[in-house]
Amino acid sequence: MMRVLEGSQAVAEAARLARVKVVSAYPITPQTHIVEELAKFCSDGSLDGRFICVESEHSAMASVIGAASGGVRTFTASSSHGLALMHEMLHWASAARLPIVMAEVNRALGPGWNLWMDQTDSLAQRDTGWIQLYCEDGQEALDSTLQAYRLAELVNLPVMVVLDAFFLSHTYEPVDEPSQEEVDRFLPPFEPKFRLDVADPYVLGEVAPPYIYMEMRRSIQSAMESALCLLPEVEEEFAGIFGRRHGLVDAYRCEDAEIVLAMAGTAASTARILVDELRAAGRRVGLLRIRLFRPFPAQAIRAALGPARKLAVLDRNCSFGAGGIFAQEIRAALCGHAGPAVYSYVAGLGGRDITVESLRGVYEATRDRPEPPTESVWVGLREEILCE
Amino acid sequence: MRMTERAGEIREYLSPGHVGCPGCGATIAMKLALRALGERTVVVTPASCWAIMVGAYPQSSLKVPVLQTGFATTGAAASGLRAALDLRGERETTVMGWAGDGGTFDIGFQALSAAAERGEDFIYVCYDNEAYMNTGVQRSSSTPWGARTMTTPGDKWKRQQKKNIMEVMAAHRVPYAATASIAYPEDLERKFRKAASIRSGLRFIHLFSSCPTGWGFAPDKSVKVARLAVRSRFFPLYEVEDGTRYAINESGELPVADYIGGQNRFKHLGSEEIALIQARVDEEWERLKAKAAASPIGQ
Ligand SMILES: Cc1ncc(C[n+]2csc(CCOP(=O)(O)OP(=O)(O)O)c2C)c(N)n1
Ligand code: SF4
Ligand SMILES: [Mg+2]
């Protein structure tokens, strides 16, 4: 049924349709609407589950880990400082191989306090063993949350569904909300592969000395690798029921493009406008939107790029001392393969707007520069107030 | 930013033009606290309404230095700052941790408890508006029984009692703990001055800060609502020395319904629920009176 939903509501609806049993979360702007919506569902009976109002994000993740170890489907949501505080428990969740799903609203980290869009919070968690999916619109946020459960429960790894602060979390759009019956067909009742059980006692998370630790880590890496193969299958099943698929990456007018713009999140919607404009003027330009970040879809990226000579990667994040994170990952994926030269741009941090005009600037700079600079170029800086 | 004051005027350390809601009790709280403590004060504040009210770069609403810190960390950050000031010989500067109820009762509880146990030399103020207001009114463990919030909505209004943070702090045997209210400024300022003069450990002030936005009452009623909380014994004013000696400073005999009546967060409650709240308030009051009688301050 078509409904007009806020991005946050789309995610909350998906969690409800997934029949989650335990929701545990701690409020933080701009994630609060997701949590409040789920609190409402638990209160009015439309969700048969328990909402645990914990006292911090560290406890939010710890309590869903407890719940998942007890064998039920779980959900949480966080953002920015909240996600940073969860960091330790993110490792606990993935290494315990628990299929937890979390919505993460991309927000800048302080100080100074900033409530707005920035990807550094989730990308800083890239080594925690969580699958990460970045969404472009409300429909994809809903669909990705449902797919996340399917995938998580197949590979026994947790999944983070990532939404842009405000641009997606607080924007109302028409969203096709599936029926419970359709969702039940796609997502069977949760059958935990293991759970704490007095009839079959064992320890979760016990000491792992050097003689076994590496094998345990290798199994996480293998699960990540299998997620890369399984997500397309999950998408096929999903498309069979709902008629939609979103891809590991989403290549738009890339087939014969000479210059491709690459990015994740809602900025891609702005980039589509520019690509259409430039195409209308006869320029061979395309857009590559990265949806899956962990595991990193290197093969899919190489395949999508075709004959492009130059790739301009727009990062709404910065790994200080190294630059834009997507650019680094893409460079590594292209290394040793014939592919475009990678131009790295850092833009739109802390909610600064990315407009068609700022993207045009990125396109023109890439077009006019024969070789990429070694470092990331920062877009739209107010040079007059910069200091060392 | 510095401002020069004219002689004879009360020195104010809160500038006009802050971004608090009209009638915000927490701004009155800060204004009174800094009046009492004066300019040799450094404020440590975590995520909260007050983190925003301090201002956005390059402005500040406060005329004293402020360290903004992570939500969970007020007790720890204030400890570090105190150590630095001591090592630099700035003994006379007061460090004041200033956190909301969420930052005190919940996420910052561990750091507060640890600082109290270490006997850290600073004043810790919990300005209590009884929910996570900055994120849009979600329940905290300070939210009173019966209140509706965004995470205790509809029929699932809060069924747990407010955590008794004063007893928790008394159990840490801190040298000084006191409740205070924006409706009793003389009492409040006296308590802040007393807290500043004691240097033998952490001083805790539980400061009742009415919140028109989160509780649902008209902005011109903030002080009245806060006064009713005291006069109905919902929030009696008292102090505790060394966690053992008590003195009751202000209270009253009004029915608790007078306090609850004007607030949207309680408006779904019927006479039965209000009677339950009354019974609980009476019980707590008797307990407090008994403690003050058994072990009064000054003996
Ligand atoms: C680690 C972390 N989690 C969550 C938040 C979001 N957050 C900011 S202020 C706030 C509520 C503060 O409540 P309280 O301490 O009672 O102060 P109030 O806003 O009510 O004055 C929350 C949840 C944050 N900044 N950092
Ligand atoms: S929400 Fe309440 S505490 Fe926060 S600024 Fe407004 S009135 Fe003050
Ligand atoms: Mg509060």
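As the structure is a computational prediction, the values presented were derived from the model and not from experiment.
Using a 4.5 Å heavy-atom cut-off against chain B, the contacting residues of residues 19-42 of chain A are A:Tyr26, A:Pro27, A:Ile28, A:Thr29, A:Thr32, A:Val35, A:Glu36, A:Ala39, A:Lys40, A:Cys42.
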Full working for side chain to side chain contact (heavy atoms under 4.5 Å, CB included) between A:Glu88 and A:Met61
CA-CA 9 Å; A:Glu88 183 201 358; A:Met61 186 49 65; over 6 Å; no
Criterion side chain to side chain contact (heavy atoms under 4.5 Å, CB included) on A:Phe167 and A:Asp353, from CA distance to verdict:
CA-CA 10 Å; A:Phe167 298 126; A:Asp353 227 0; 3.9 Å; yes
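B:Ala56 does not touch chain A: none of its heavy atoms, backbone or side chain, sits under 4.5 Å away. Residue contact with chain A, scored on non-hydrogen atoms closer than 4.5 Å, involves the backbone and the side chain of B:Thr151 alike. If you measure heavy-atom distances from B:Tyr57 to chain A, you find no contacts under 4.5 Å at all. If you measure heavy-atom distances from B:Thr149 to chain A, you find no contacts under 4.5 Å at all.
Taken to the nearest 0.5 Å, the OG1 atom of B:Thr94 stands 7.5 Å off from the CZ atom of B:Arg203. Remark: B:Ser15 OG to B:Gln59 CD distance equals 9.5 Å, nearest 0.5 Å. One finds the CZ atom of B:Arg139 at 7.5 Å from the CG atom of B:Asp106 (value rounded to the nearest 0.5 Å).
The neighbour count for B:Arg159 CZ, taken as heavy atoms of other residues, nucleotides or ligands under 6.0 Å away, is above 12.
Salt bridge absent: B:Lys158 and B:Glu130 never bring a charged side-chain N and a carboxylate O closer than 4.0 Å.
Of the listed residues (B:Gly136, B:Ala47, B:Ser140), the one with the most heavy-atom contacts under 4.5 Å to chain A is B:Ala47.
At a threshold of 4.5 Å between non-hydrogen side-chain atoms, the residues A:Val379 and A:Ile354 do not count as touching.
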